[in-house]
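For reference, the structure discussed in these notes is given below.
This structure is a prediction, so every number in the text was calculated from the model and none was measured. When a ligand or atom number is given, it counts from 1 through the structure's own listing order. Counting from 1, the numbers follow the sequence of the chain as shown.
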Amino acid sequence: MANSYRVKIAARLRPPITNEINDEGVQVQLADNGVSYISVPNPRDVSQIFKFPFTSCYGHDSTQEEIFDNDVRPLIDIVYSGVTVTVFAYGVTSSGKTHTMQGTKTQPGIIPRAVEALFEKQSGLQRYRANFAVSYMEIYKDEVYDLLVDRDNAPKLPVRENEAGVVFVANLTALPVASYENFERIYARASKHRSVASTNLNRASSRSHAILTITVTISDPVENRTLSGKLNLVDLAGSENNKMTGNDPSRMAESSAINKSLSVLGQVVHALNQGASRIPYRNSKLTRLLQDALGGSSVGLLICNLAPGVKFRQDTLNTLNFAVRTKNIENKPVVNERDNRPPPKPHFAAVQQAPPKLAPAVLPNLAHNAPSSSRPSLAPLSRPSSSGSSRVPRPSIASYSGVNRLSQTMLPPPIPQSQLQKATLTLTDKEIDERIAKAVEAEVARRLEERERERTKEEAVRREEDARRMATGKAKEDSAAKAAHTPSGAATPNGQRQIEIDSELKKRLEELEQKLEDSSKEIQMVDALSPVSRKRTGRAYVALARSHSQKGNLELALDLYRKAETYVPDNIRLKERIIEIEYAVKHDTAFHPSPKRPKKTRSRKKKQSSRSDYSIAQSDTDSLTQAESTDGLNSKGKEKENFGLKLTNAVLLQVGSPPKRVAADMLEGAGTPRKHKKGKVSVDEDDSDDGDWEQWEPPAPTKKQEVL
Ligand SMILES: Nc1ncnc2c1ncn2[C@@H]1O[C@H](COP(=O)(O)OP(=O)(O)OP(=O)(O)O)[C@@H](O)[C@H]1O
């Protein structure tokens with residue numbers, strides 16, 4: 001669950017201005033416990049004093065700098081952390097809202113100071129880059145206008161909500177800002193567009209609510225991520241008592257709109273405090289646009305401007321009551337972060353990924369005034385290592401007629417839900433790795449279990465066979481008879497050599513099997529991910545299956561062929577082989593592989609060149625070729641008898657006595673050696689020849705190739 005942060009309240013009492021009597025009706029006090037409060041006498045019983053304690057209370061002698069440094073400067077770092085911050089000035093007309101937010105040339109207010117501080121921070125960045133864009137709008141008589149365009153042509157702008165529930169102003173201008181001076185020019189020009197009129201209480205009374213938004217886009221080129229922070233600076237129009245303002249009909253229409261929107265603002269705050277199920281944000285454009293600051297996902301600071309004196313006492317009490325209710329509102333700030341890296345390829349281990357939630361911002365305790373010197377670095381706010389990025393900010397500013405103009409808002413812009421979900425589903429490399437590692441662990445465990453079962457089975461078969469031989473007492477005779485039937489038997493030097501080769505073959509195959517079983521997680525991971533690796537693993541299984549089929553362990557061979565099939569499910573030759581062995585197992589008949597296809601020229605050449613390196617005689621190779629080409633076609637007799645040996649020789653041609661390097665490669669690699677040049681073996685990365693599986697030669701690894 002996201003952390004909750006209350007809207008912070010600061011109260012500022014302005015000094016008396018021309019013709020105002022300083023009756024000290026409203027005062028800023030400091031309690032014994034160090035807490036400051038605003039004291040206002042009860043209008044009905046002046047002996048009774050109402051006290052309104054706030055974290056920050058500023059008296060009439062407070063300076064612009066003081067307020068900014070205490071309450072606003074700490075928010076600059078929060079903006080740089082990708083969070084939206086909203087500062088709004090609230091109070092009766094002429095209470096000093098515009099003075100506090102905008103200020104004057106000699107006494108600049110929060111807006112120019114904040115922008116200056118944003119640029120200051122930008123100049124100190126090293127690894128990161130920060131870009132700014134400004135938009136400025138006013139809500140006049142409940143209509144939104146763009147203050148960055150010529151006022152005469154400014155159309156009413158619609159307030160919309162995207163599928164993610166984000167409220168935005170369509171077609172609002174966003175101008176990139178390169179420097180503070182650049183901003184000053186834009187802001188000065190735009191401020192002239194704001195609706196201002198003279199009233200009895202204020203000769204330059206704002207007739208609208210003004211919302212200035214600075215969007216700060218912070219890019220991290222190393223991690224290829226973007227943070228998008230926003231600073232909304234809101235100068236509300238003041239509530240008005242038409243009797244006091246002496247408004248004419250046209251001012252009264254404005255006043256009515258102002259009072260209505262402020263009344264809805266009060267209702268929203270009240271509903272939030274009551275925990276109401278429906279918050280009336282939609283009842284005015286002001287509250288719709290401030291939705292994120294009130295019970296939403298931004299950090300809020302409300303500055304209550306107070307006018308001095310008994311004359312404004314009731315307005316002051318209204319303002320302070322509003323402030324008291326507002327300070328109970330809880331927001332859940334989130335970090336607006338975008339991951340710009342290309343989305344990872346879909347992977348079986350990532351398929352089940354649950355959509356990550358918005359990353360809540362972990363903010364410093366804003367209830368305390370942070371000293372200006374203790375400003376944190378670029379990303380001062382610890383963000384939970386969420387599995388995905390949080391709200392996706394609006395895309396970069398598009399250029400239009402020399403002015404960057406697009407859907408811009410004080411809040412993030414519309415984003416198609418599908419796009420939003422895609423962005424939030426993105427996994428980090430680390431998460432993918434973890435998932436893969438888990439999946440591989442499970443796969444390795446499964447294989448080991450399977451292998452154990454096979455071993456037990458094999459053991460049982462061997463014991464059964466031994467027992468049978470012991471029982472008949474013919475074990476020796478059988479052995480002798482077998483030797484007698486073998487053309488290159490043990491009695492001859494060739495026979496002795498054959499036994500050595502057989503034993504070497506057995507050893508190497510066992511090693512190969514063992515390597516298959518004991519493959520490291522990373523290798524298994526590549527197997528799982530790469531089609532080439534799958535093919536190679538399939539081939540390794542085929543080689544093992546074949547060696548077992550040669551030994552007569554057809555059931556085990558069948559199992560291995562089936563395993564191979566899981567890696568290469570589309571291999572027709574393999575499917576045929578499985579059917580053949582299944583038939584042989586089912587009907588308890590000898591296994592006769594179907595005839596081999598004629599070899600390709602390239603393959604024959606390669607074979608021949610390899611042969612010269614091997615210690616097996618050319619005649620053996622020839623007899624193998626002959627046997628392979630006629631298997632299943634010749635009469636079963638003699639051919640059948642020699643079948644096992646010939647196939648054994650076939651394997652020996654591949655595994656038996658190759659040059660040292662090839663032999664080592666064969667036991668370690670899973671690719672297919674293609675060319676032998678100056679004693680080196682190279683491997684085609686992607687072997688598209690799926691058909692001739694029985695011709696598989698154990699491979700040599702490339703640099704990046706996995707080792708089985
Ligand atoms: N702290 C202050 N120090 C000196 N003068 C101030 C201060 N605050 C406000 N004033 C002055 O009081 C007058 C009214 O202030 P301002 O226009 O800022 O009020 P406002 O709340 O914005 O009014 P409105 O809602 O009508 O726009 C201005 O002349 C302004 O210069």
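Ligand 1 lies less than 4.0 angstrom from a heavy atom belonging to Arg12. Using a 4.0 Å cutoff on heavy atoms, Val92 counts as a contact of ligand 1. Distances shorter than 4.0 angstrom do not occur between any heavy atom of Gly91 and any atom of ligand 1.
Distance alone, capped at 3.5 Å, places no donor-acceptor pair between the Glu138 side chain and the Arg194 backbone. Asn162 places a side-chain N or O within 3.5 Å of a backbone atom of Val166 that can act as its donor or acceptor partner.
In this model, a donor atom of one side chain and an acceptor atom of the other lie less than 3.5 Å apart for Tyr140 and Glu254.
The only member of Tyr180, Tyr80, Phe132 that meets ring pair (Phe, Tyr, Trp, His ring centres under 6.0 Å) when paired with Phe119 is Phe132. Considering Thr173, Val144, Leu212, Leu147 as possible partners of Met137, the one that fulfils the side chain to side chain contact (heavy atoms under 4.5 Å, CB included) test is Val144.
Residue-ligand proximity, Pro15 to ligand 1, at heavy-atom distances under 4.0 Å covers atoms 1 (N), 2 (C), 3 (N), 4 (C), 7 (C). The atoms of ligand 1 that sit less than 4.0 Å from any heavy atom of Gly238 are 25 (O). Proximity to Ser206 (heavy-atom distance under 4.0 Å) selects the following atoms of ligand 1: 24 (P), 26 (O), 27 (O).
The distance criterion of under 3.5 Å between nitrogen or oxygen atoms is met by His99 with respect to ligand 1. Annotation: Thr98 places an N or O atom under 3.5 Å from an N or O atom of ligand 1; distance criterion only. On a distance-only criterion, Gln107 and ligand 1 share no N/O pair closer than 3.5 Å.
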What do the steps show when you test Thr217 against Asn131 for side chain to side chain donor-acceptor pair (under 3.5 Å), and what is the final call?
CA-CA 5 Å; Thr217 307; Asn131 296 308; over 6 Å; no

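Arg113 and Asp69 are not joined by a salt bridge, as no carboxylate oxygen comes within less than 4.0 angstrom of a charged side-chain nitrogen.
Of the candidates Thr93, Leu13, Ile17, it is Ile17 that places a heavy atom closest to atom 13 (C) of ligand 1.
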